[in-house]
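Remarks on the structure that follows.
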Amino acid sequence: MTRFPHLRQDFAASLVVFLVALPLCVGVAVASGVPAELGLITGIVGGIVTGLMRGSSLQVSGPAAGLTVLVFEAVREFGLPVLGAIVLVAGLLQVLMGFLRTGRYFRAVSVSVVEGMLAGIGLVLIAGQLYSLAGFEAPASGLNKIAELPGALVRALESTDALASIAIGAGTIAVLLLWRHAPRRMRTVPAPLAAVGLATLATAVGGLPVATVEVNGLIDSIQPPSADAFGTLATVGAIGTVVAFTLIASAESLFGAAAVDRLHDGPRTDYDKELIAQGTGNAVCGALGALPMTAVIVRSAANVQAGARTKASRVLHGVWLLLFAALLPSVLAYIPIPALAGILVHAGCKLVPVRGLISLWRQHRGEAVVLVVTAVSIVVISMFEGVLIGLALAIAKTAWEASHVRLEVIDKGAGPVQAYLSGNATFLRLPKILDSLEALPNDRPVELDLTGLHHLDHACRTALETWAERHSAVDTDPVRMTTH
């Protein structure tokens, strides 16, 4: 015990995290359109492989709801055999980024873009899983998922089987929402496990016509990527998917690490080492043909709240997942799919920051616009393009706010008109600058003082010189410009 002074706390915490992770691993896999066992494999690798590595001591990794939409699109477009190759290359890129010490730079990414990304994922995830609640197949695009919901509701109301499926899913969501009000002894069982357990019991006892998870066996589900799969990565679409996996998984993990650090007083996260750990885990998952992983805030928070003190808790949770997958895989066949859909609808709602958006709109409307545009772009176009649009908008907003320029004009009625420019003169503010300068009288000499400018870009300098040449009347002294 002297070597492991916190073993008792870590052992207890690992059981809690295992019970939280089990239904989420299965649910994320089913929602991603892959065998349920692949979600368990990713959870096992996240616990044992990534868990043993240095970075963030209490953060727990596994398949994440935030990547469900991207994985589903990748499997639909390229096929399951290529998914492993995509995840493997993304993992190696993460490792490379960690060695290049780029982890800290993810802290410079606009929070509004990240929250908008998660909100967009959440909206698409919710819309897609609402179809699964009724036992229907969801449309491919995010926009169609939302647009066709009314028609799906009409179909569901006309089908007894769909109504039974919806009842199981709605009951699962109700348990998740109300579980915190249950007696304390009951709350020792994590809400997701309780919700899935009750839904499974209700389906079995009632003999309800509800779809359940298909079981293939752990070993049979492992399919390492072939050489042909890696050949597919040469296409533009596959390269974009690899980049999206790399950036989104890295950002979600490192932002999660910052959140977990606020929950405990232990060692702080080393962002570069955490990036290497996440990349190593993803490389292993890719080699096994499994789902990509990120650090998952739900499991990490449960780990901290359960009293974990070291990384032993997350490693042990991976061991428990391995034992379950090896010894009790047939149990998965009893889990109703609408119950897993209910868990992911609940998880998706947490990704949409409704209250935070209202507060952000009141204090920083520009940031709120970036968040909303990013989320809507992801829903309407796609994940990768949506994030790029959000980043571009955030950069443009920052550039606009940084381009503060002030023009002070002093006209004493006689002698030259004195104009003083100060601040940062960029092309973004050029229309405003020229409008003010062109309003000056052109029958009087003008002295333009630029010594107060911190920055003068090429476009502004050229425009000012052109204005100075054209401004002066024939019989008036030319504009005098004073620079540093």
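Everything numeric in this text was worked out from a predicted model, so none of it was measured.
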Would you say [X] and [Y] make side-chain contact, with heavy atoms under 4.5 Å?
{"X": "L38", "Y": "L83", "result": "no"}
{"X": "F245", "Y": "V71", "result": "yes"}
{"X": "Q59", "Y": "T269", "result": "no"}
{"X": "V17", "Y": "W320", "result": "no"}
{"X": "L393", "Y": "T374", "result": "no"}
{"X": "L254", "Y": "E274", "result": "yes"}
{"X": "L92", "Y": "L96", "result": "no"}
{"X": "Q129", "Y": "S132", "result": "yes"}

Quick one: does any side-chain atom of [X] pair with a main-chain N or O of [Y] as donor and acceptor, under 3.5 Å?
{"X": "T203", "Y": "L208", "answer": "no"}
{"X": "R187", "Y": "A182", "answer": "yes"}
{"X": "D272", "Y": "G103", "answer": "yes"}
{"X": "T235", "Y": "T232", "answer": "yes"}
{"X": "K311", "Y": "S57", "answer": "no"}
{"X": "H346", "Y": "I343", "answer": "no"}

Using distance alone, with no hydrogens and no angle criterion, decide if Q278 and S61 have a side-chain donor and acceptor under 3.5 Å apart. yes

Less than 3.5 Å apart, any donor N or O on the side chain of Q94 or S250 sitting next to an acceptor on the other? yes

Reference residue P338; test side chain to side chain contact (heavy atoms under 4.5 Å, CB included); the match among I166, V210, I173: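 Answer to the side chain to side chain contact (heavy atoms under 4.5 Å, CB included) test with P338 among I166, V210, I173: V210.
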
Within a reach of under 6.0 Å around [atom1] of [X], are more than 12 heavy atoms found that belong to other residues, nucleotides or ligands?
{"X": "R54", "atom1": "CZ", "value": "no"}
{"X": "R101", "atom1": "CZ", "value": "no"}
{"X": "Y334", "atom1": "OH", "value": "no"}
{"X": "H364", "atom1": "NE2", "value": "no"}

Any chance you could lay out the side chain to side chain contact (heavy atoms under 4.5 Å, CB included) test for I389 and I381, step after step, and finish with the verdict? CA-CA 10 Å; I389 290 171; I381 308 174; 3.6 Å; yes

Please evaluate residues L123 and V352 with respect to the criterion side chain to side chain contact (heavy atoms under 4.5 Å, CB included), reporting the C-alpha separation (whole Å), side-chain torsions for both, the decisive distance (0.1 Å), and the verdict. CA-CA 7 Å; L123 291 172; V352 183; 4.1 Å; yes

Please name the pair of heavy atoms, one in [X] and one in [Y], separated by the smallest distance, quoted to 0.1 Å.
{"X": "G342", "Y": "L176", "answer": "O-CD1, 4.1 Å"}
{"X": "L291", "Y": "G39", "answer": "CD1-CA, 3.8 Å"}
{"X": "T68", "Y": "S32", "answer": "CG2-OG, 3.7 Å"}

Rounded to the nearest 0.5 angstrom, the CG-CD distance for L332 and E37 is 6.0 Å

Residues V82, L233; criterion side chain to side chain contact (heavy atoms under 4.5 Å, CB included); working and verdict: CA-CA 8 Å; V82 180; L233 297 186; 4.3 Å; yes

